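Note that the coordinates shown come from a computational prediction; the quantities given were computed from them, not determined experimentally. Heads up: numbering here begins at 1 and tracks the sequence.
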Amino acid sequence: MGVLPNLKQPEGSYLCGAYSVVACIRLFELDNQVITLNKFDPSVCDFSGEVVNIDTSADDDVLAKQIYKVTGIYSPFDMDSFVEKDGFNPLFCVAYILQKLELDVRLLIKAPLDLEQLINQYPVEGEVLRKLNCPISNFDETHHAADSVLIPVVVYPLVEIMTSHYLVSHEQQWLDTELDQHPLHWDKIQDWETSQNKRSGAVWTGFALEVSRH
């Protein structure tokens with residue numbers, strides 16, 4: 001395993017999901033690969049759209065922008081709809097790319113209600129994760145491999161709304177691509193409900209992607 005990289009997304013951008021994939025590429029040392037992806041086609045609800053090639057040997061910021069061509073598809077103003085570019089990053093897009101990198105990915109949930117809320121609010125998430133054969137497990141009942149990487153989704157207040165954000169956690173260190181400090185030494189995500197040692201104002205949504213090597 002590599003070390004948790006120090007990555008910083010452009011201010012005001014929505015590239016956190018793409019940068020979480022870059023972090024996994026660096027942690028699992030998957031350099032010098034060219035991976036062929038397809039964009040998501042909402043009309044058929046699968047990844048059969050335009051081809052996008054990503055070069056994992058590219059500079060971190062260049063690589064994140066390549067990945068974002070596939071992940072940035074949720075409308076920031078109506079996440080029931082899709083955009084061609086510059087959107088939010090669905091969980092299923094992040095999971096799809098990680099699988100194409102031949103990594104194991106599963107969705108961890110804090111409680112069944114969290115999964116129910118996710119699927120009720122964003123039905124396409126559940127549908128596509130099922131098509132990807134992405135396992136879903138209860139967080140507290142799951143054995144977490146020592147070399148696994150966690151990508152939790154949190155929300156925090158931005159002006160007058162709550163916005164979602166991807167973080168990356170590995171071996172008790174954290175990466176937050178919106179912050180300058182690195183690495184961060186926050187508490188475990190499952191303790192955030194009562195902890196003060198976390199991103200200020202942030203609340204865990206109750207779900208996270210866990211990434212490991214075959």
Practice task
Please answer: with hydrophobic residues joined when any side-chain heavy atoms are less than 4.5 Å apart, are V62 and I67 in the same cluster?
Solution key: no
Without placing hydrogens or testing angles, list every side-chain donor-acceptor pair under 3.5 Å for residues 103-119, not counting sequence neighbours.
from : atom 1 : to   : atom 2 : distance (Å)
D104 : OD1    : H214 : ND1    : 2.6
D104 : OD2    : H214 : ND1    : 3.3
R106 : NE     : E210 : OE1    : 2.6
R106 : NH2    : H143 : O      : 2.8
R106 : NH2    : E210 : OE1    : 2.7
D114 : OD2    : A111 : N      : 3.0

Practice task
Answer with yes or no whether the side chains of E178 and Y166 bring together a donor and an acceptor at under 3.5 Å.
Solution key: no
Exercise for the section: Could you tell me which non-hydrogen atom of I151 sits nearest to which non-hydrogen atom of C24, and how far apart they are? Expected result: CD1-SG, 3.9 Å
Exercise for the section: Would you confirm whether N89, through its side chain, and Y14, through its main-chain N or O, come within 3.5 Å as a donor-acceptor pair? Expected result: yes
Practice task
Answer yes or no: is there a side-chain heavy-atom contact under 4.5 Å between R199 and L179?
Solution key: yes
Handout entry: Modelled atom types, side-chain donor and acceptor of D147 and H170, under 3.5 Å
Key = no
Exercise for the section: Indicate yes or no for a side-chain donor-acceptor contact from K198 to the backbone of W186 under 3.5 Å, with no hydrogens or angles considered. Expected result: no
Exercise for the section: Please step through side chain to side chain contact (heavy atoms under 4.5 Å, CB included) for the pair I73 and C93, ending with a clear verdict. Expected result: CA-CA 9 Å; I73 63 170; C93 283; 3.5 Å; yes
Fill in the blank from the handout: Looking only at heavy atoms, the pair that brings A208 and P152 closest together is CB-CA, 3.5 Å
Practice task
Following the transitive rule for hydrophobic clusters with a side-chain heavy-atom cut-off under 4.5 Å over Ile, Leu, Val, Met, Phe, Trp and Tyr, establish whether V154 and F207 coincide in one cluster.
Solution key: no
Practice task
Verify the distance criterion only: is there a donor paired with an acceptor across the side chains of S57 and D31 at less than 3.5 Å?
Solution key: no
Exercise for the section: May I ask whether V83 and L91 are part of the same hydrophobic cluster, defined by side-chain heavy atoms of I, L, V, M, F, W, Y residues being less than 4.5 angstrom apart, directly or through others? Expected result: no
Practice task
Name the orientation class of the two ring planes belonging to Y96 and F47 (parallel below 30°, tilted from 30 to 60°, perpendicular beyond 60°).
Solution key: parallel
Problem - pair M1-V149: side-chain heavy atoms closer than 4.5 Å - result: yes
Practice task
Starting from the C-alpha separation in whole Å, work towards a yes-or-no answer on side chain to side chain contact (heavy atoms under 4.5 Å, CB included) for V211 and F28.
Solution key: CA-CA 10 Å; V211 188; F28 290 104; 3.9 Å; yes
Exercise for the section: For residues W174 and K188, report the shortest heavy-atom separation together with the two atoms involved. Expected result: CZ2-C, 4.4 Å
Handout entry: Cluster link V3 to Y19, ILVMFWY, side chain under 4.5 Å
Key = no
Handout entry: Donor-acceptor contact present, side-chain S195 to main-chain W192, <3.5 Å
Key = no
Exercise for the section: State whether a side-chain donor-acceptor pair under 3.5 Å links D86 with Y68. Expected result: no
Exercise for the section: Assess whether atom NZ of K131 is packed by more than 12 heavy atoms of other residues, nucleotides or ligands within 6.0 Å. Expected result: yes
Problem - Candidate pair Y156 and W204, rule ring pair (Phe, Tyr, Trp, His ring centres under 6.0 Å), full reasoning - result: CA-CA 9 Å; Y156 67 90; W204 182 31; over 10 Å; no
Completion exercise
Rounded to the nearest 0.5 angstrom, the CG-CD1 distance for L167 and I189 is 6.5 Å
Exercise for the section: Could you tell me whether Q173 atom CD has more than 12 heavy atoms of other residues or ligands within 6.0 Å of it? Expected result: yes
Practice task
Determine yes or no for a side-chain-to-main-chain donor-acceptor pair under 3.5 angstrom, with H182 supplying the side chain and L4 the backbone.
Solution key: yes
Handout entry: Interatomic spacing from NZ in K85 to NZ in K65 - rounded to 0.5 Å
Key = 12.5 Å
Practice task
Hey, could you give me the CG/OG1 distance between L7 and T177, rounded to the nearest 0.5 Å?
Solution key: 7.5 Å
Exercise for the section: Measure the NZ-CD1 distance between K100 and I35 for me, rounded to the nearest 0.5 Å. Expected result: 8.0 Å
Problem - E29, CD atom: more than 12 neighbouring heavy atoms under 6.0 Å - result: yes
Handout entry: Ring geometry between F82 and F40 (parallel below 30°, tilted from 30 to 60°, perpendicular above 60°)
Key = tilted
Handout entry: side chain to side chain contact (heavy atoms under 4.5 Å, CB included) between L184 and L175, intermediate numbers included
Key = CA-CA 6 Å; L184 294 153; L175 166 67; over 6 Å; no
Problem - Under 3.5 Å donor-acceptor, S81 side chain and S75 backbone - result: no
Practice task
Looking only at non-hydrogen atoms, find the nearest pair between R26 and A58 and report the distance.
Solution key: NH2-O, 2.8 Å
Handout entry: Value rounded to 0.5 Å, distance of CD in Q66 from CD1 in I97
Key = 10.5 Å
Exercise for the section: Indicate whether any N or O donor in one side chain lies under 3.5 Å from an N or O acceptor in the other, for D41 and S43. Expected result: yes
Completion exercise
What one should report as the nearest heavy-atom pair of P5 and A23 is CG-CA, 3.8 Å
Fill in the blank from the handout: Partner of V70 under side chain to side chain contact (heavy atoms under 4.5 Å, CB included), picked from I54, V94, V52, is V52
Handout entry: Q33 backbone acceptor or donor facing T56 side chain under 3.5 Å
Key = yes
Practice task
Side-chain contact test, heavy atoms from C-beta onward, threshold under 4.5 Å: evaluate it for F88 versus S164 and give yes or no.
Solution key: yes
Exercise for the section: Verify side-chain hydrogen bond (donor to acceptor under 3.5 Å, both in side chains) between S48 and N38, making sure each step is shown before the conclusion. Expected result: CA-CA 6 Å; S48 57; N38 289 88; over 6 Å; no
Handout entry: Within 6.0 angstrom of K39 NZ, more than 12 heavy atoms from elsewhere
Key = yes
Exercise for the section: Test L63 against D61 for side chain to side chain contact (heavy atoms under 4.5 Å, CB included), laying out the working first. Expected result: CA-CA 5 Å; L63 179 56; D61 296 329; over 6 Å; no
Exercise for the section: Determine whether V153 and Y74 fall in the same hydrophobic cluster, where Ile, Leu, Val, Met, Phe, Trp and Tyr are linked whenever their side-chain heavy atoms lie under 4.5 Å apart. Expected result: yes
Practice task
Would you check if L30 and R213 make a side-chain contact, meaning some heavy-atom pair closer than 4.5 Å?
Solution key: yes
Problem - Euclidean distance, L150 CG relative to S20 OG, rounded to 0.5 Å - result: 11.0 Å
Fill in the blank from the handout: Tightest non-hydrogen contact, residues C45 and V128, listed as SG-CG2, 3.6 Å
Handout entry: Lys/Arg-Asp/Glu bridge criterion (N-O < 4.0 Å) met for D60, K8
Key = no
